[in-house]
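Just below is one structure, and these are the notes that go with it.
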Amino acid sequence: MERIIRSVRSRLEIKGFDLNQFALFLLLLGLLCVLILYPILRVLYEAFTQGNGLTLKHFLNFFQRDLFREALWNSLFAGLMTVILASLISLPLAHFMVRYDFRGKMLIQTLGVLPLVMPPFVGAIGMDLILGRSGILNLLLLRWFRITIPFMEGLQGVILVQTLHYFPLILLNAKVSLKNIDPSLEEMAQNMGAHGLRLFRKITLPLMIPGCAAGALIIFVKTVGALGAPLMLDYNRMLAPQAYLSGDDKSRYVIAVILAMISLVSLWIQRKYLKRSEYATAQRGATGVRVAKRITGWKPTMILGLCVLILTISLIPHVGIVLLSFAKRWCFTLLPEEYTLSNYAEILVQVPHFVRNTMVYCSLAAGIDIALGSVMAFLLIRGRIMGKGLLDLIATLPMGVPGMVLAIGYLKAFGFLSSTWFVLVIVYSVRRLPQMLRSCYAAMQHVHESMEEAAMNLGANRRRTFLKITFPLMIRGVVAGGLTSFIGSSVDFSSTIMLVTRDEYSPLSSGIYLYTQRAIGWEPAACLGVVAIFLVAVGTYVVNRISRDRSEAASKV
Amino acid sequence: MAGCAADRDEVVIVTSFPPDLYETYKKAFEARYPKITVKIIPKNTIAAMKHIRDTASRPDSDIMWATAVDAFAVLKEDGLLARHVLPKEIAERIPSRIGPYQIHDTDGAYFGFALSGYCIVWNKRYLEAYELPPPKGLRYLTDPIYQGHLGMCAPSRSGTTHLMVEVILQRYGWKEGWKTILNMGGNMASHTERSYKVSRGAIRGHFGVGVVVDFFVWSALARGYPVGHDYLPVGPTLKNAKKFIDFLPANIGLIKGGPNPENAKRFIHFLLSEEGQLLLFKPQISRFPVIPELYDQAPGDLPDPLKTPVSGGKFDINLSQQRYELINSLFDQVVTFRLKELRKAWEAIYEAENVTGTILDEARSLVSKVPISEEEASRLALIFKRGNSERVQKCETEWDSRAKKRYKEAKELADQAKKIGGK
């Protein structure tokens, strides 16, 4: 018997078929189907069936309801407005930063990324403290002019929070695009008499659009499906809050499908645009490098002033959160009446489980991601199996499906899991798998196949080669990917809030939410927010360091 | 089979109470029974009920612990609570009634463990800044001067708010009750997602006035916040409302088929024992025990609910239980989700205030009515009780569009009245 198996196996191996690899492939495929495909299909099933038959009735019901139509419209409107406002902030900033050289530029460049370390649900709390009904600004307005301005009320509050969080995405993309634009194109236009705004509108902006579109689409999708900011601001007339509040209704699944569609369509558009933008970059190699204009006189002061103004506004949430985290009592006064360290003592010493759970869940999720991502990258690059692209496709799905939709699917598909904490680990790892797979894939492409062949010539089998040669060579990229996964999970609000059941299982993100529901003694929410910001900031810094070292190392080789 | 299994070393509690309360009891109970761990599932009352219903075939929790008595009545009616007889030494120290409210369920499905009343709470600094008088009394809440200064939670998100709405409806009748509620809606600044946020909003000065359960006030005062309060008087009629105060029991009940019934009983007995009852006086909890003898030991500034004249009004818990889901949904459709339109309509009416005439009266009556009568409500109640269905969605859609239309018409009428008056 054993001989037969061995002979079959060896014959297959001659044809380039590896049984172990195939088993691994099947195992992974099964796992992905259960953890990704099934919950998503379950959402679709719930949205499109009634009893045993297929139906569109739930969608009809949805669109017949004024409330839902309004929620849909509000969500789309908020997405669009956020993109527009974020562009209005980012484009001038990017222009000044790339085209001019002035004192304080480095500082502004660093500050410009800071909003990204502040998750929107934390940002909403911070901004409310400064711009809200009883925030610093409105108290001053009330005192001086007897008026208040409803910055944070309703939809505009959500738009403001989202804009201030996400504008750096456009800023970063815009800066890259601006740098990549061939100076000769603009020079030609200038020779023909186009200057100033006309030059910008006709030449520069169209050339920047493909690059910025990627950032804009991400912002749009994130805002349309926003849950954290609306919940924190008590605004429920948007899609995600309606799905959160509606319980196990059909409308919840309809909303989930709509959110997923919006996200998938955006992803598709993005792919199309990215292809076109290759055209713009293809020209770049041929031209010289543009030198930033050194400017003097009153101009740099004005530009600096403008940049500082914009960035000061974008740091409002940070200021609010830090102030609150040290506040003992803060009630209708400009600044807290009394300061204390006891809020930090509470979340670090007395009730440490929020921070601890985040560390545990996110580490486990990152570990799972590292394992799955590197093995899958290996199969995708070195594997010789038909249909391996299927793995890639399913693993990438969570990128196109909002976290909330996945969570809704999990609730329906694995109800039994939802009373454990492990469901959070699984969802976190699934959510970050697409990015992780990309990191591992890129890391693995850096490993030349000849190294593996050398190891195998020396007698190591595939597994040993992978563990001893391939993986250690990939490790920098993998660690960077794992850290990114950790950061993402630690501030994941929408799926956490849907899935967490018990107080003791709650990680930091839902811990913040729990604290904000307290009437008195909610200040520790701000401390948890500070911890979240700290984790994201340090994590991002380390990832950047690793990536930079890696590219330096690569260039030395 | 499950019933025979020995308890694990834990007791799982679903509760709508804030951490200040459950953490205190968790610590005290675990100190008393070092082998048992208390596990908490924090949910608002409505979500807690849903959780218990969803897990009924295999309950993962032992105890439901929340304020609103009618929520327990619903759970009992659905057969989700286990009956239990308190030991004599505990039962004999607790009176059977307070005002119209039975302290314990007569069948032993749930037990009152603390008393609390509803308060109007306001932020002194806020009212000062906006130059508003303190709103002492329910009628103030419908006064135009408080427009945009009132905070409230939706009954579908808060069991205590639900109970308050139901009390108003039962005391003043369906018509007058909704009129009051819709008029309050016109004054609302915002709807909060949970009742705690009403208190925080008032305490922080997010809005000036809120209606909350009294213990929020006591604990805010204990922490030195500048809040004022007045017990919400819901007397038998609107006119002599001022004289009476309602104190309601907050409750605890055993979930049927829970995994640790013995530990759960221990917890309930602990809560109702002298030791457990005295914990209620802690400043972060600030509730009133159900054992009257203990009031001698109350901290200075707490009133004695057993000595306050309680209202003679009736409260029909059965009626409340029957239409529980319907009221939640109706309120959401006509107030929560249409708050903007409702506010705009009232704003327009207030602006035309000096004008008298039929047009304005018509506008007023349009924003004072709900789309269905009490009889229709009781007919539809069962459909809502059975859960989400097409019928439910149809009703909701209809109420929503009718409310929207009415508020719009009312605004137009009021605008028209203003124009005529202006001439």
Side-chain angles (χ1 to χ4, degrees), chain A residues 50 57-58 61-62 64-68 70-71 128-129 132-135 139 142-143 146 148 153-154 231-237 241-242 244-251 328-333 337-338 350-351 415-416 419 501-506 514-522, chain B residues 12 18-20 22-23 39-44 47 50-51 54-55 58 60 123-126 129-130 156-157 189-201 203-207 212 216 219-220 222-227 284 333 336-338 340 388 390 393-394 396-397 400-401 404:
Chain A
Q50 169 83 11
K57 205 167 57 190
H58 309 311
N61 285 340
F62 177 89
Q64 268 166 12
R65 266 306 260 287
D66 272 355
L67 173 68
F68 288 145
E70 208 176 303
D128 201 45
L129 292 165
R133 268 174 76 94
S134 52
L139 284 184
L142 188 68
R143 204 174 284 178
R146 307 235 26 96
T148 55
E153 314 274 300
L231 273 193
M232 291 294 178
L233 296 176
D234 268 322
Y235 184 73
N236 53 29
R237 286 201 218 187
Q242 282 296 331
Y244 173 68
L245 296 175
S246 72
D248 189 22
D249 279 6
K250 286 292 182 189
S251 55
K328 189 168 180 196
R329 204 170 52 229
W330 191 2
C331 155
F332 220 71
T333 48
E337 284 163 70
E338 272 180 71
Q350 283 142 16
V351 198
F416 58 92
S419 58
T501 45
R502 298 186 187 183
D503 183 1
E504 66 204 81
Y505 298 155
S506 176
L514 279 176
Y515 268 114
T516 60
Q517 299 197 331
R518 285 193 187 191
I520 296 159
W522 67 300
Chain B
V12 184
D20 276 341
Y22 65 67
E23 290 291 347
K39 302 209 160 161
I40 300 288
I41 305 184
K43 282 186 184 295
N44 72 55
K50 186 177 159 354
H51 178 82
D54 289 350
T55 54
R58 261 185 80 197
D60 64 350
N123 186 306
K124 289 180 181 163
R125 286 181 196 155
Y126 181 103
Y130 285 93
S156 62
R157 304 294 298 164
S190 69
H191 253 285
T192 60
E193 207 244 321
R194 286 197 63 180
S195 54
Y196 304 132
K197 282 200 176 173
V198 178
S199 324
R200 192 175 83 219
I203 289 165
R204 238 195 74 69
H206 203 75
F207 34 76
V212 299
F216 286 125
S219 31
R223 293 240 192 164
Y225 281 99
V227 293
Q284 73 268 29
Q333 304 309 321
T336 317
F337 298 146
R338 289 285 156 223
K340 203 169 84 189
N388 203 282
E390 236 171 286
Q393 280 186 10
K394 219 181 119 201
E396 286 179 344
T397 308
D400 176 50
S401 47
K404 191 181 168 193

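Naming convention: chains lettered A, B, ... in sequence-line order (proteins, then strands); numbering from 1 in each chain.
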CA sep, side-chain torsions, deciding dist, call: A:R502, B:V12, side chain to side chain contact (heavy atoms under 4.5 Å, CB included): CA-CA 10 Å; A:R502 298 186 187 183; B:V12 184; 4.0 Å; yes

Please flag which part of [X] lies under 4.5 Å from any non-hydrogen atom of chain A: side chain, backbone, both or neither.
{"X": "B:V212", "value": "neither"}
{"X": "B:Y22", "value": "side chain"}
{"X": "B:D60", "value": "both"}

Look at [options] and state which one has the largest set of heavy-atom pairs under 4.5 Å with chain A.
{"options": "B:D20, B:N123, B:I40, B:T55", "value": "B:I40"}
{"options": "B:K394, B:R58, B:K404", "value": "B:K404"}
{"options": "B:H51, B:K340, B:E390", "value": "B:E390"}
{"options": "B:A129, B:A47, B:S156, B:S199", "value": "B:A129"}

Euclidean distance, [Y] [atom2] relative to [X] [atom1], rounded to 0.5 Å:
{"X": "A:D66", "Y": "B:S401", "atom1": "CG", "atom2": "OG", "result": "6.0 Å"}
{"X": "A:S134", "Y": "B:R204", "atom1": "OG", "atom2": "CZ", "result": "4.0 Å"}
{"X": "B:T397", "Y": "A:F68", "atom1": "OG1", "atom2": "CZ", "result": "8.0 Å"}
{"X": "B:H206", "Y": "A:C331", "atom1": "NE2", "atom2": "SG", "result": "13.0 Å"}
{"X": "B:E396", "Y": "A:N61", "atom1": "CD", "atom2": "CG", "result": "10.5 Å"}
{"X": "B:D400", "Y": "A:R65", "atom1": "CG", "atom2": "CZ", "result": "6.0 Å"}

Lys/Arg-Asp/Glu bridge criterion (N-O < 4.0 Å) met for B:R125, A:E337: yes

Main-chain N/O of B:R223 paired with A:R329 side-chain donor or acceptor, under 3.5 Å: yes

Donor-acceptor contact below 3.5 Å, side chain A:R237 vs main chain B:F337: yes

Residue A:S506 versus chain B: region with a heavy atom under 4.5 Å: neither

Segment of A:L142 engaging chain B (4.5 angstrom heavy-atom cut-off): side chain

Over all atoms of both residues, closest heavy-atom pair of A:R146 and B:Y130: NH2-CA, 3.9 Å

Closest non-hydrogen atom pair, B:P42 against A:L514: CG-CD2, 4.2 Å

Side-chain heavy atoms of B:R157 within contact of A:L245, under 4.5 Å: yes

Min side-chain heavy-atom separation A:I520-B:I203 under 4.5 Å: yes

Options A:K57, A:K328, A:R143, ranked by heavy-atom pairs under 4.5 Å with chain B, top entry: A:K57

Contacts of type side-chain hydrogen bond (donor to acceptor under 3.5 Å, both in side chains), residue A:E153, not counting sequence neighbours: none

With sequence neighbours excluded, residues passing ring pair (Phe, Tyr, Trp, His ring centres under 6.0 Å) with A:F332: B:Y126

